[in-house]
Every structure is written in C-alpha cells, then in structure tokens.
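Structure record follows, encoded as structure tokens.
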Amino acid sequence: MQIDPRNSRQLLELQLSNINNQTNGSAVPTGSTTDFSNMMDGLLSSNTGGPNDTENHATTSKRSNDGLLWLQLGSTYSPDMNTAGSSQAVNLNSVLAMSSTGQADSGKSVPTDFETLISQASAKYGVPESLIKAVIDTESGFNPNVVSSAGAKGLMQLMDGTAAGLGVSDSFDPGQNIDAGTKYLSLQLQRFGGQEKMALAAYNAGPGRLSRLGVTNDNELMSMLHLLPVETQNYITKVERARSKYMI
C-alpha cells in the first residue's frame with residue numbers, strides 16, 4: 001500500500017489536469033480517467049499488496065485526509081467516516097449482519113483482552129467485532145508484539161509504510177494498530193460492496209490483484225480463487241473459521 005515517489009509527480013499532474021478541465025468547463029480529455037485508474041491499480045498492485053505487503057518499495061509518509069494517501073486507498077473510501085453515527089458505518093453493519101458462511105451475527109462476540117479497543121474500532125468504522133477479532137486472531141494470534149518475517153507488526157500486522165500512511169506512530173500500540181487495521185479493512189469492505197471474501201482477499205493480497213483478476217463478487221472470486229496466492233486462498237478460510245469462533 002505504498003506510492004512510489006517516482007510516480008507522485010505524474011499523479012499530481014493528472015489531478016491538476018482534471019481539476020483545470022472541470023474549472024474551465026471543458027470535457028476531460030479522452031482516456032485521462034482511465035489512465036489515472038490504471039496507474040492507481042498499478043500502484044496498489046504488488047505480490048502481496050495488503051497491509052502486510054512484503055514488497056516495500058518506499059515508506060509512505062503520513063497524509064491528511066485529502067492527500068494522495070486517500071486516492072491510493074480507493075475512491076470509494078470516505079475519510080470522513082470517523083464517527084460511530086456515520087451512515088457508512090451503519091450501512092456496513094447492515095450488510096455484514098450475516099457472515100459469508102451464512103451465520104447470523106448478533107453483534108455480540110466472545111470477549112478478548114482488547115475488548116474496549118475492538119468495540120471502539122467497530123463502532124467507528126462499521127466493521128463487526130467478530131470480524132475484527134477474526135482478522136487479529138489470524139494475523140497475530142492476539143500477540144501485540146509479533147513481527148513477521150516480512151516486517152509486518154502488531155495485532156493486525158501492519159507494514160511500516162501502511163502504518164505511517166494511516167497515521168500510526170507505533171505499530172506495537174494495540175489501540176493504534178487496531179484502529180488502523182480496522183480502517184483499512186473497512187475500506188476494502190466499502191470498495192467491494194460489503195462482499196466479505198473479496199474484502200479479506202484484498203486485505204491479504206491487495207485490491208489491485210483482485211482488480212486484475214476481474215472478479216466483482218464473492219462467487220466469482222471463489223471460482224477463480226486458484227489464481228490467487230496459496231496464502232490468500234488459505235487466509236479467507238482461516239478468517240471465516242475464526243469469525244465463527246467469536247460470534248455469539
């Protein structure tokens with residue numbers, strides 16, 4: 001989830017070009033939007049591409065909500081979705097009231113050592129507590145100090161570039177890690193219309209990889225799952241099983 005500094009100038013030029021065209025009342029040049037989308041898919045793509053991306057070409061600096069970070073995260077993400085009462089949060093909770101395995105989610109979940117932090121992140125970003133706990137369980141086994149061989153850190157296994165881009169100063173701090181990891185997960189859920197398997201695959205492998213695969217829903221994803229890395233194939237199943245364990 002990093003933007004190569006070599007692409008920054010081109011990104012800005014495309015943004016400014018589109019803004020100028022809109023300001024002047026002229027039509028956007030043919031292909032400019034497509035070019036920009038293609039470029040963003042390229043930037044979002046990597047062998048793993050998720051928050052624990054193993055190919056860190058550059059560390060992303062902390063960005064404001066209207067900066068390049070949010071363009072990188074995806075146009076469907078609303079950086080203003082930061083309160084429990086947001087419509088986006090309510091919509092996600094409604095969509096995810098039933099897990100992808102068909103099990104109804106009552107909203108209650110098996111308690112953990114990080115109950116308050118998970119509850120706060122759930123309310124803030126509209127992601128069910130059971131799903132947050134399942135991702136944490138799968139990523140780190142609830143060990144806030146774990147570091148992967150690729151350098152991913154903490155409960156939700158954030159790479160340094162991803163963590164910095166999401167405003168995290170200490171990936172080993174449970175509060176910061178859970179907030180950022182849940183924010184990134186909510187982005188993927190919004191991006192793919194609440195399709196849980198799609199969101200989990202994107203969290204692990206990166207949204208660019210799914211875009212190149214050409215799938216638009218969970219059923220299509222499962223029919224082409226063999227084209228994704230084995231780690232991602234197993235990841236979806238592991239998280240789903242873990243979510244069932246935490247649902248009440």
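As a basis for the values below, the full set of heavy atoms in this structure was taken, side chains included, without hydrogen atoms, waters or symmetry mates. Not measured: the values here are computed from a predicted model.
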**Item:** Side-chain heavy-atom pair R191, M198 within 4.5 angstrom cut-off
**Value:** no
**Message:** When you group the ILVMFWY residues by side-chain heavy-atom contacts below 4.5 Å and let the links chain together, are M222 and V215 in the same group?
**Reply:** yes
**Fill in**
Heavy-atom closest pair (Q188 atom, P207 atom, distance to 0.1 Å) is OE1-CB, 3.8 Å
**Message:** Restricting to non-hydrogen atoms, name the atom on Q176 and the atom on D173 that form the minimum distance, rounded to 0.1 Å.
**Reply:** N-OD2, 2.9 Å
**Request:** Please check if Y203 and L225 belong to a single hydrophobic cluster, counting links between Ile, Leu, Val, Met, Phe, Trp and Tyr side chain heavy atoms closer than 4.5 Å.
**Result:** yes
**Item:** Residues that L227 engages under side-chain contact (heavy atoms from CB on, under 4.5 Å), provided they are two or more places apart
**Value:** L213, M224
**Prompt:** So, do R243 and S109 sit near enough that their side-chain heavy atoms are less than 4.5 Å apart?
**Reply:** no
**Request:** Using a 4.5 Å cut-off on heavy atoms from C-beta on, say whether the side chain of L210 contacts that of L228.
**Result:** yes
**Fill in**
In terms of heavy-atom contacts, L189 and A199 come closest through CD2-CB, 3.4 Å
**Item:** Spacing of L155 atom CG and N145 atom CG [to the nearest 0.5 Å]
**Value:** 8.5 Å
**Message:** For F192 versus A202, what's the shortest heavy-atom pair and its separation?
**Reply:** CE1-CB, 3.6 Å
**Asked** OG of S223 to CG of D218: how many Å apart, nearest 0.5 Å?
**Response** 11.0 Å
**Prompt:** Any side-chain heavy-atom pair from D113 and F142 closer than 4.5 angstrom?
**Reply:** no
**Message:** When you compare the side chain of Y125 with that of D179, does any pair of heavy atoms fall below 4.5 Å?
**Reply:** yes
**Request:** For S122 and V127, work out which heavy atoms get closest and say how close.
**Result:** OG-O, 2.6 Å
**Asked** Does the side chain of I118 come within less than 4.5 Å of K133's, by heavy atoms?
**Response** yes
**Asked** Do V146 and Q157 touch side chain to side chain, with heavy atoms closer than 4.5 Å?
**Response** yes
**Asked** Hey, what do you get for CG (D160) to NZ (K153), rounding to the nearest 0.5 Å?
**Response** 3.5 Å
**Item:** ILVMFWY cluster, L158 and F172 together (side-chain gap under 4.5 Å)
**Value:** no
**Request:** Check salt bridge (charged side-chain N to carboxylate O under 4.0 Å, His left out) between E220 and all other residues, then give those that pass, not counting sequence neighbours.
**Result:** none
**Message:** Test side chain to side chain contact (heavy atoms under 4.5 Å, CB included) on N177 and V168; report intermediate values, then the result.
**Reply:** CA-CA 7 Å; N177 194 289; V168 175; 5.9 Å; no
**Complete:** d(I236 CD1, L200 CG) to nearest 0.5 Å is 6.5 Å
**Item:** Atom pair CD1 (I178) and OG1 (T116), whose distance is rounded to the nearest 0.5 Å
**Value:** 10.0 Å
**Request:** Using the rule that two of Ile, Leu, Val, Met, Phe, Trp, Tyr join whenever any of their side-chain heavy atoms come within less than 4.5 Å, decide whether I136 and V147 are in one cluster.
**Result:** no
**Fill in**
d(K108 NZ, S130 OG) to nearest 0.5 Å is 13.5 Å
**Message:** Can you confirm whether L221 sits close enough to Q195 that some side-chain heavy atom of one is under 4.5 Å from a side-chain heavy atom of the other?
**Reply:** no
**Sole candidate of Q120, E129, M156 that passes side chain to side chain contact (heavy atoms under 4.5 Å, CB included) when paired with T182** = M156
